[in-house]
Amino acid sequence: MFVICPTCWRELETTPAVCEKCGTHVDLYSREYERRLISALPGADAETRAQICWVLGSRRKRSAVPTLIELLRDSDVLVRVAALRGLGEIGDASSVNAVERLTTSKDTVVQTVATSVLKMLIHAKGSRHEFHS
């Protein structure tokens, strides 16, 4: 699982962990970790915003879906692609409409990833429906 320190953005090997660079305690599964990542988004560069998308998606927590949907409007293609992949990892049906809008994006990379993620979300939604029937 991809883990980054929310203070210095160093990639970490395990969680819970203490970042060797800055000493920050990191617990990937805590709500505090998610909150710190999300609060860092406004001032972060595109690469860091994309990393945050990857981490939020890898956590597979539905609480990250609104943030990832918001990042689908980011000005950077890398961030939009990372947000799409994060939504695909989470697999929450509430993101279908937002992902579907990007299947007609002028950027072919975003369009391709959005189409792929949309298929995953629809398939997951159908599988869950069949399971609950």
Side-chain angles (χ1 to χ4, degrees):
M1 186 170 295
F2 189 66
V3 182
I4 56 174
C5 174
T7 303
C8 70
W9 307 110
R10 181 175 187 268
E11 189 172 341
L12 306 175
E13 298 296 319
T14 61
T15 185
V18 175
C19 178
E20 293 174 11
K21 183 177 179 184
C22 70
T24 299
H25 180 269
V26 179
D27 180 0
L28 175 68
Y29 301 102
S30 73
R31 179 73 172 127
E32 175 63 16
Y33 180 61
E34 180 179 328
R35 187 196 65 72
R36 290 179 72 187
L37 292 174
I38 291 170
S39 69
L41 283 165
D45 60 33
E47 184 178 338
T48 302
R49 291 192 313 273
Q51 286 179 319
I52 291 171
C53 291
W54 284 108
V55 172
L56 292 174
S58 71
R59 294 176 81 241
R60 292 189 170 98
K61 301 278 186 180
R62 292 177 67 192
S63 57
V65 169
T67 299
L68 291 171
I69 288 173
E70 185 176 317
L71 287 167
L72 293 177
R73 294 189 306 267
D74 195 277
S75 61
D76 192 275
V77 171
L78 177 66
V79 176
R80 290 194 308 271
V81 167
L84 282 164
R85 292 192 185 274
L87 290 167
E89 286 289 320
I90 295 169
D92 187 76
S94 67
S95 62
V96 167
N97 290 339
V99 171
E100 187 173 33
R101 282 192 289 277
L102 289 180
T103 62
T104 59
S105 172
K106 292 179 183 177
D107 186 292
T108 56
V109 173
V110 171
Q111 184 183 61
T112 301
V113 174
T115 300
S116 175
V117 169
L118 182 62
K119 288 176 185 174
M120 289 176 11
L121 291 171
I122 290 171
H123 177 70
K125 182 180 176 183
S127 296
R128 273 183 248 155
H129 178 71
E130 292 170 13
F131 179 77
H132 293 298
S133 293

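Here, residue 1 is the first one in the sequence, and each next residue gets the next number. Side-chain atoms are counted along with the backbone in the values below, which use heavy atoms only and exclude waters and symmetry mates.
To the nearest 0.5 Å, the span separating OH on Tyr29 from NZ on Lys61 amounts to 8.5 Å. Separating the CZ atom in Arg10 from the SG atom in Cys5 is a distance of 9.0 Å, to the nearest 0.5 Å. Rounded to the nearest 0.5 Å, atoms CG (Leu118) and NE2 (His123) are 13.0 Å apart. Note that CZ of Arg31 is 9.5 Å distant from CZ of Arg35, once rounded to the nearest 0.5 Å. To the nearest 0.5 Å, atoms OG1 (Thr67) and CG (Leu37) are separated by 10.0 Å. In this structure, the separation between CG on Asp76 and CG on Asp45 is 9.5 Å, given to the nearest 0.5 Å.
For the side-chain contact (heavy atoms from CB on, under 4.5 Å) criterion with Leu84, the lone passing option out of Val109, Leu71, Leu68, Val99 is Val99.
Looking at Gln111, its side chain does come within 3.5 Å of a backbone N or O of Thr103 through a donor-acceptor pair. Distance alone, capped at 3.5 Å, is enough to place a donor-acceptor pair between the Thr112 side chain and the Thr108 backbone. Looking at Ser105, its side chain never comes within 3.5 Å of a backbone N or O of Leu102 through a donor-acceptor pair. Judged by distance alone, with hydrogens and angles left aside, the side-chain atoms of Arg36 form no donor-acceptor pair with the main-chain N or O of Thr7 at under 3.5 Å.
Proximity of Tyr33 to Asp27: side-chain heavy atoms (C-beta onward) are nowhere separated by under 4.5 Å. Two residues are said to be in side-chain contact when any heavy atoms from C-beta on lie closer than 4.5 Å; Ile122 and Lys119 fail this criterion. You'll find the side chain of Cys8 stays beyond 4.5 Å of the side chain of Thr24, heavy atoms only. A 4.5 Å side-chain heavy-atom check between Ile38 and Leu56 finds at least one atom pair inside the cut-off.
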Run the numbers on Val79 and Cys53 for side chain to side chain contact (heavy atoms under 4.5 Å, CB included), then give the verdict. CA-CA 7 Å; Val79 176; Cys53 291; 4.3 Å; yes

Begin with the C-alpha distance, continue with both residues' side-chain angles, and end with the deciding distance and a verdict on salt bridge (Lys or Arg N to Asp or Glu O under 4.0 Å) for Arg49 and Asp74. CA-CA 9 Å; Arg49 291 192 313 273; Asp74 195 277; 2.8 Å; yes

Carefully, step by step, assess Ile69 and Leu87 under the rule side chain to side chain contact (heavy atoms under 4.5 Å, CB included). CA-CA 8 Å; Ile69 288 173; Leu87 290 167; 4.1 Å; yes

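Taking a 6.0 Å sphere around CD of Glu20, one finds it holds 12 or fewer heavy atoms contributed by other residues, nucleotides or ligands.
In terms of heavy-atom proximity, Arg85 sits nearest to Trp54 at CD-CH2, 3.1 Å. Minimum interatomic distance between Ala40 and Ile52 (heavy atoms only, all atoms of both residues): CB-CD1, 4.4 Å. Closest of all the heavy-atom pairs between Gly23 and Val18 is O-CG1, 3.5 Å.
When the side chains of ILVMFWY residues are joined at heavy-atom separations under 4.5 Å, either directly or via intervening members, Val113 and Leu78 end up in two distinct hydrophobic clusters.
Asp92 and Ser95 are not linked by any side-chain donor-acceptor pair at a separation below 3.5 angstrom, with hydrogens and angles left out of the test.
In summary, Glu34 and Arg59 engage in a salt bridge, as defined by a charged side-chain N under 4.0 Å from a carboxylate O.
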